[in-house]
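In what follows, chains are A, B, ... by sequence order, proteins preceding strands, each numbered from 1. Values in this document were obtained by computation on a predicted structure and should not be read as measured data.
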2 protein chains.
Amino acid sequence: MNNWTTRTPLSEAQEDYLKQILLLGSGGNETGRLEDTLAVSTQSLAEQMQVRPASVTGMLKKLAELGLVVHEAYRGVRLTEAGYKVALEVLRHHRLIECYLHQALGYGWEEVHAEAEKLEHHISEAFEARIAEWLGHPSHDPHGDAIPSATLELPQSNPSCRLSGLERGAFGLVVRVATQDQDALNLLAHLGLRPGASVQLLEHLREGSRIQVGQERYLLPTALAQVLWIEEGGPRG
Amino acid sequence: MNNWTTRTPLSEAQEDYLKQILLLGSGGNETGRLEDTLAVSTQSLAEQMQVRPASVTGMLKKLAELGLVVHEAYRGVRLTEAGYKVALEVLRHHRLIECYLHQALGYGWEEVHAEAEKLEHHISEAFEARIAEWLGHPSHDPHGDAIPSATLELPQSNPSCRLSGLERGAFGLVVRVATQDQDALNLLAHLGLRPGASVQLLEHLREGSRIQVGQERYLLPTALAQVLWIEEGGPRG
DNA sequence: GATTATTTTTAGGTATAACTAAATCTTTGT
DNA sequence: ACAAAGATTTAGTTATACCTAAAAATAATC
Ligand SMILES: [Mn+2]
Ligand SMILES: [Mn+2]
Ligand SMILES: [Mn+2]
Ligand SMILES: [Mn+2]
């Protein structure tokens, strides 16, 4: 356990591990407080990182030595304060870049993830500051995920529920699309189910949820209905 | 020597070596033709890459195996057609990114190099295409270096000479600032000696060249006078 | 509480890209 | 022509980040 104030730059792999530990520990709902975070299993990290569990163990050892995580063997891993800071910093890069690609360069909101995943590790703080400025310091990315501020606080989000949990007849606004699966994103984009879109829930069926978006009615498979987070609101928002 | 049409992605280090072999082999004056390129020594590569000669030899072996260079032991290295293509692609990324940072994000022209040096390896072809489009397909970067086109041709440049080679009393336009040295760039930027600036050569002295830029007169050390490339032209251009 | 299944760790191995030290080749000066 | 100097390569080492296979620990089931 190493507590230098000045640390050697982390590798792309190390940064991605820290970010994944944060995301998995938050269950897709970051609160901005390390205490609200759960221990993360080696297995789940291995799945997310597309890597063998043995490789995860190796990396966790390294990160623990650097003082960025606490790893209790067989019980999972948590971020330290230092590791949490790094993870938020990477998350800020990722989400700002997504915004920028969408708003400044005309990428579709469903296309931005892959490019951001790489660039997040390679931009300078100056670059971060300039695009944040250009964007007007946005609070959410194109998928509706909150962007940590320059001081690494997360903005409060309004209460929302999954589309699959909406009552029959209810109206609402899509506020978050919580998947990185490219096929799912493409399909949702095609249906106009982007953050900001308004939907009505017609009924829940065994195969999924029937919904109305604009003039169109769709049957949305449950898997997809669970990644859409909705803020309830009157008809046509 | 491996000649697949589909190749495994190259590492950042490999791309930087190929780019450096092109730059050193062109003596700072790329013509766009591989034949105009000279063999490059292990030593000069080691200096540019900030690495020991032994490390260069190792990398050249690898690149030769991949069919990207031809390495004659003890006599230097040249790019193959395939390696030349890769080098031009990296150069295009580098110079487009420099333009973009300068024009879209407000970086000073003297600040863009370091950021471009990293990002050049991590942007997609889609990103390249979008910024090229946004910029209106520029032919030169903020230092006055020619940008390879999307099809990897280099635009013709007008004839020019070093400031140190200008005749007494001659007027001219700065068209290229051929250094990556950060201190030199900062100084030249401070003096307004950027591409596009017009200068008059007053006289050559032992210590350097006396010049006039706008209302100001400076004594420019020879080292700096040699990195400024000038297109001759009438007073005030 | 013992047995089985799952998860996790250990041990050993690959590839990349650096390094140092020593050997070898080329150039240069006399 | 030949020795010294300089450049380059070889050999052997290190560090990162991944892998597989086998051992060990934990959790689930009877
Ligand atoms: Mn990433
Ligand atoms: Mn996102
Ligand atoms: Mn580079
Ligand atoms: Mn440049």
Side-chain angles (χ1 to χ4, degrees), chain A residues 2 4 7-21 24-25 38-78 83 86-87 90 117-118 120-122, chain B residues 1-2 4 7-21 24-25 38-79 83 86-87 90 117-118 120-122:
Chain A
N2 230 325
W4 318 117
R7 50 169 80 294
T8 175
L10 300 172
S11 70
E12 180 163 344
Q14 291 172 329
E15 290 185 351
D16 275 336
Y17 272 94
L18 293 172
K19 188 180 66 169
Q20 266 334 308
I21 295 168
L24 290 170
L38 301 169
V40 172
S41 72
T42 300
Q43 178 99 61
S44 60
L45 269 171
E47 275 162 27
Q48 276 306 299
M49 304 289 301
Q50 304 261 64
V51 134
R52 300 290 122 151
S55 308
V56 173
T57 302
M59 180 58 91
L60 294 183
K61 264 190 171 158
K62 185 82 223 247
L63 292 173
E65 257 169 45
L66 293 170
L68 297 169
V69 304
V70 176
H71 183 209
E72 267 192 89
Y74 294 97
R75 331 233 72 173
V77 70
R78 324 181 76 103
V86 174
V90 177
E117 193 61 46
K118 285 198 77 176
E120 63 189 356
H121 312 287
H122 302 291
Chain B
M1 179 138 31
N2 231 324
W4 304 331
R7 45 171 33 70
T8 177
L10 299 172
S11 69
E12 179 163 347
Q14 290 171 331
E15 291 185 350
D16 275 335
Y17 273 93
L18 292 172
K19 188 181 66 170
Q20 262 341 300
I21 294 168
L24 289 171
L38 301 170
V40 173
S41 71
T42 299
Q43 179 102 89
S44 60
L45 270 171
E47 275 162 26
Q48 277 306 299
M49 305 289 301
Q50 305 260 66
V51 131
R52 300 288 127 176
S55 308
V56 172
T57 302
M59 180 59 90
L60 294 183
K61 267 192 169 159
K62 185 82 222 252
L63 292 173
E65 257 169 45
L66 293 171
L68 298 168
V69 305
V70 175
H71 183 210
E72 266 193 89
Y74 295 98
R75 333 231 69 166
V77 70
R78 325 182 75 105
L79 295 169
V86 174
V90 177
E117 193 60 47
K118 286 200 75 179
E120 63 189 357
H121 312 287
H122 302 291

Nucleotide nearest B/Ala54 when distance is taken to its side chain, options D/dA24, C/dT24, D/dT10: D/dT10

Rounded distance in Å - OH (A/Tyr74) to P (D/dA27): 11 Å

Do B/Leu18 and B/Leu10 come close enough that some side-chain heavy atom pair is under 4.5 Å? yes

Check the distance between D/dA15's P and A/Leu10's CG and give it to me in whole angstrom. 18 Å

Please state how far atom NZ in A/Lys62 lies from atom C1' in D/dT16, giving the value in whole angstrom units. 7 Å

Which is true for B/Gln14 with a 4.0 Å heavy-atom rule: it touches a base, it touches only sugar-phosphate, or it touches nothing? sugar-phosphate

On DNA chain D, more 5' by nearest nucleotide between A/Val56 and B/Gly76 is B/Gly76

Please tell me if A/Ser55 has a side-chain N or O lying less than 4.0 Å from either OP1 or OP2 of D/dC19. yes

Taken to the nearest whole Å, CD/A/Gln43 to C1'/C/dT8 is 9 Å

Closest non-hydrogen atom pair, A/Gly76 against A/His71: O-CD2, 3.5 Å

Is the closest side-chain heavy-atom distance between A/Val77 and A/Tyr17 below 4.5 Å? no

From CD of A/Glu72 over to P of C/dT9, roughly how many Å is that when rounded to an integer? 11 Å

Is the shortest side-chain heavy-atom distance between A/Met59 and A/Met49 below 4.5 Å? no

Any A/Glu15 side-chain heavy atom under 4.5 Å of A/Glu120 side chain: no

Once you round it to whole Å, what is the distance between C1' of C/dA18 and CD of B/Gln48? 18 Å

Mind checking if A/Thr42 touches a base, just sugar-phosphate, or nothing, with heavy atoms under 4.0 Å? sugar-phosphate

Using a 4.0 Å heavy-atom cut-off, does B/Val51 contact any base of the nucleic acid, only the sugar-phosphate backbone, or nothing at all? sugar-phosphate

Rounded to the Å, how far apart are B/Met49 CE and C/dA18 C1'? 11 Å

Of the candidates C/dT20, D/dT8, C/dT26, the side chain of B/Arg75 sits closest to C/dT26

Rounded to the nearest Å, what distance is computed from the CZ atom of residue A/Arg52 to the P atom of nucleotide D/dA17? 19 Å

Counting only side-chain nitrogens and oxygens, does A/Thr57 get under 4.0 Å of the OP1 or OP2 atom of C/dT10? no

So which nucleotide from D/dT9, D/dC18, C/dT20 ends up closest to the side chain of A/Ala13? D/dC18

I want to check one thing: is the phosphate of D/dA17, taken as OP1 and OP2, less than 4.0 Å away from some side-chain N or O of A/Ser11? yes

Is the shortest side-chain N/O distance from B/His71 to OP1 or OP2 of D/dT9 below 4.0 Å? yes

Between B/Tyr17 and C/dA18, is there a side-chain N or O to OP1/OP2 distance below 4.0 Å? yes

